[in-house]
Amino acid sequence: MEESSVFANMSKDQVRMFKSWQIRTLFITIAGYAMFYFVRKNLSIAMPFLREELGISPTQLGFVLTLHGVVYGISKFANGIWGDRANARIFFASGLAFAATANLFFGMGESLMWLGTFWILNAWFQGMGVPPCIKLMTHWIPPSQLAVKMSIWNTSHSIGAGAAVIFCGYIVAGNWSWTGVSPWRFCFFIPAVIALFGALMIWIVARDTPSSVGIPEMNLKVKDDSQNSGLQDSAEFAAFIRKHVFMNPVVWIISIGNFFVYVVRFAVLDWGPMMLHDHLKMDMSHAGWMVAGFEVAGIVGMLAAGWITEKVFKGRAVRTCVWCMFFSAVCMASLWSLDSQSSVLLAAIILVSAGFFIYGPQALAGIAAANIATNKAASTAVGLVGICGYASTVLSGLGLGVLVETAGWDWALFAFVCAAVVGCAVFALAWNAKATGYEE
């Protein structure tokens with residue numbers, strides 16, 4: 001869909017104002033969602049200290065990670081449906097504030113029951129982050145620009161996670177004896193306070209839709225009377241969601257493919273520091289920076305994947321996902337081949353390469369589903385993609401914890417090579433899918 005036709009119903013001043021708000025929206029969604037990761041991936045640095053101080057085993061930690069992932073996926077899906085009808089600004093700010101509060105309580109915990117309860121609550125509130133971002137992006141960015149702009153937005157995952165790992169790494173290394181509080185607890189207290197300020201920033205900066213600031217909505221013509229009428233009737237809205245999401249085989253293929261993307265991603269992101277420390281005998285300082293390097297490379301990978309999707313595959317994001325998963329499998333196989341005698345540099349190169357490739361489909365799966373479902377059902381489609389992605393924690397959480405304890409890291413890493421290969425094959429099933437569902 002050409003940009004000129006998207007803005008055909010706006011004056012030059014309105015187009016100028018629209019583009020100004022578009023940049024503002026892109027900035028606040030990146031900064032705001034990075035804050036969600038700041039109060040989510042802080043756990044990966046705290047995990048070794050929870051094991052040492054509270055005696056929580058890898059299997060128990062894996063169980064908590066699995067529950068967190070499953071609840072997050074359900075929340076993302078449920079909040080995706082709710083988010084399509086809610087004010088994105090309120091939704092976004094509230095979710096971050098609640099997640100920050102859950103982190104404060106988590107940091108006060110002494111038992112597995114207490115920690116698990118508040119980390120699961122955190123999972124639900126985390127599910128309020130993506131849906132409003134998707135809604136904001138699909139209302140402020142034309143479909144022809146969505147792959148590139150949402151790839152830019154997806155850097156928020158790596159910015160937030162990378163900052164959390166590095167920041168919390170320095171926190172646990174600091175001298176907090178004067179407080180009488182264990183250093184790992186500040187991995188939750190300090191990011192929570194920062195996230196509360198982030199929620200306030202979202203409230204001040206973000207706006208729900210162009211019409212909420214007096215600008216006409218984009219001129220998106222869809223061959224569907226229910227969307228043209230605005231989908232005000234609940235029955236019409238449900239029918240639209242059913243047709244464009246739940247009965248759409250391409251959306252399901254993308255969702256299942258995303259399951260395997262997240263298996264590989266969380267294998268490194270959640271367990272990376274412990275795996276590098278226990279399996280490859282690296283210092284935690286090196287491990288933290290290497291996982292951060294995985295995230296930084298992911299930023300470049302997401303931007304590259306967005307550019308390739310637009311320029312090479314003409315908006316067909318699934319094709320980019322196929323190639324990214326193929327090279328992710330190569331990287332996982334290379335990581336599997338390492339042992340404690342391997343060089344830190346080689347391990348770093350492999351992890352950086354893995355981050356570059358795995359974050360391409362991580363970013364594009366939601367984009368592809370949102371474009372195919374159209375902006376009226378984007379949050380629901382992304383919710384379905386998300387619930388499948390986070391169902392992967394059954395393998396990457398509890399599954400990995402049990403496998404590490406019973407069979408060791410060699411078998412655990414081999415399992416994720418297999419996951420990358422299967423993910424590549426699943427995405428390939430939708431190779432011929434159209435770029436969008438706006439004109440069927």
Side-chain angles (χ1 to χ4, degrees), residues 1-34 80 83-93 129-156 198 201-224 227-232 240 302-303 306-307 309-311 314-315 317 363-364 366-382 435-439:
M1 188 173 291
E2 296 294 331
E3 182 175 309
S4 58
S5 64
V6 168
F7 298 134
N9 58 334
M10 302 183 196
S11 66
K12 288 184 178 180
D13 287 342
Q14 287 173 330
V15 171
R16 192 179 303 113
M17 187 177 177
F18 182 97
K19 291 185 175 181
S20 176
W21 274 99
Q22 185 184 84
I23 295 171
R24 177 170 170 167
T25 300
L26 184 60
F27 165 77
I28 193 58
T29 51
I30 291 173
Y33 196 63
D84 276 324
R85 308 300 291 269
N87 184 295
R89 173 197 184 198
I90 297 173
F91 213 72
F92 197 18
V130 171
C133 287
I134 297 299
K135 181 176 181 180
L136 287 167
M137 298 290 277
T138 55
H139 276 275
W140 285 102
I141 296 174
S144 62
Q145 301 175 12
L146 203 58
V148 170
K149 294 290 175 62
M150 285 194 69
S151 292
I152 295 173
W153 169 76
N154 261 285
T155 62
S156 60
M201 180 178 65
I202 292 169
W203 180 264
I204 293 171
V205 177
R207 292 298 181 272
D208 188 40
T209 61
S211 59
S212 67
V213 292
I215 307 173
E217 298 290 331
M218 289 186 289
N219 183 36
L220 301 177
K221 294 181 179 179
V222 184
K223 293 183 178 180
D224 192 302
Q227 181 164 348
N228 291 334
S229 66
L231 298 177
Q232 296 301 316
F240 187 88
M302 284 185 280
L303 297 176
W307 185 88
T309 296
E310 183 174 316
K311 302 298 182 182
K314 309 303 179 184
L364 293 175
I367 296 169
N371 262 337
I372 289 168
T374 78
N375 65 1
K376 295 297 182 181
S379 289
T380 305
V382 172
T436 76
Y438 286 101
E439 295 184 17

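On a predicted model such as this, the values are computed, not experimentally measured, just so you know.
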Which pair of non-hydrogen atoms, one from [X] and one from [Y], has the smallest distance, and what is that distance?
X      : Y      : answer
Trp153 : Ile134 : CZ3-CD1, 4.4 Å
Cys133 : Phe92  : SG-CZ, 3.4 Å
Pro132 : Ala88  : CB-O, 3.5 Å
Pro142 : Gln22  : CD-NE2, 3.5 Å
Ala86  : Phe91  : CB-CD1, 4.0 Å
Pro210 : Pro216 : CB-O, 3.7 Å

[X] [atom1] to [Y] [atom2] distance, which is reported to the nearest 0.5 Å:
X      : Y      : atom1 : atom2 : value
Ile204 : Arg89  : CD1   : CZ    : 9.0 Å
Ile141 : Phe18  : CD1   : CZ    : 8.0 Å
Ile30  : Met137 : CD1   : CE    : 7.0 Å
Ile28  : Met201 : CD1   : CE    : 4.0 Å
Ile202 : Ile90  : CD1   : CD1   : 12.5 Å

Parallel, tilted or perpendicular: ring planes of Trp140 versus Trp21, cut at 30 and 60 degrees: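 Parallel, since the angle between the ring planes stays under 30°.
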
Minimum side-chain heavy-atom gap Lys135-Asp208 below 4.5 Å: yes

Test side-chain contact (heavy atoms from CB on, under 4.5 Å) applied to Thr25 and Arg207, step by step: CA-CA 8 Å; Thr25 300; Arg207 292 298 181 272; over 6 Å; no

Stepwise side-chain contact (heavy atoms from CB on, under 4.5 Å) check, Asp13 with Met17: CA-CA 6 Å; Asp13 287 342; Met17 187 177 177; over 6 Å; no

Pair Met302-Ile152, side-chain contact (heavy atoms from CB on, under 4.5 Å): steps then yes or no: CA-CA 7 Å; Met302 284 185 280; Ile152 295 173; over 6 Å; no

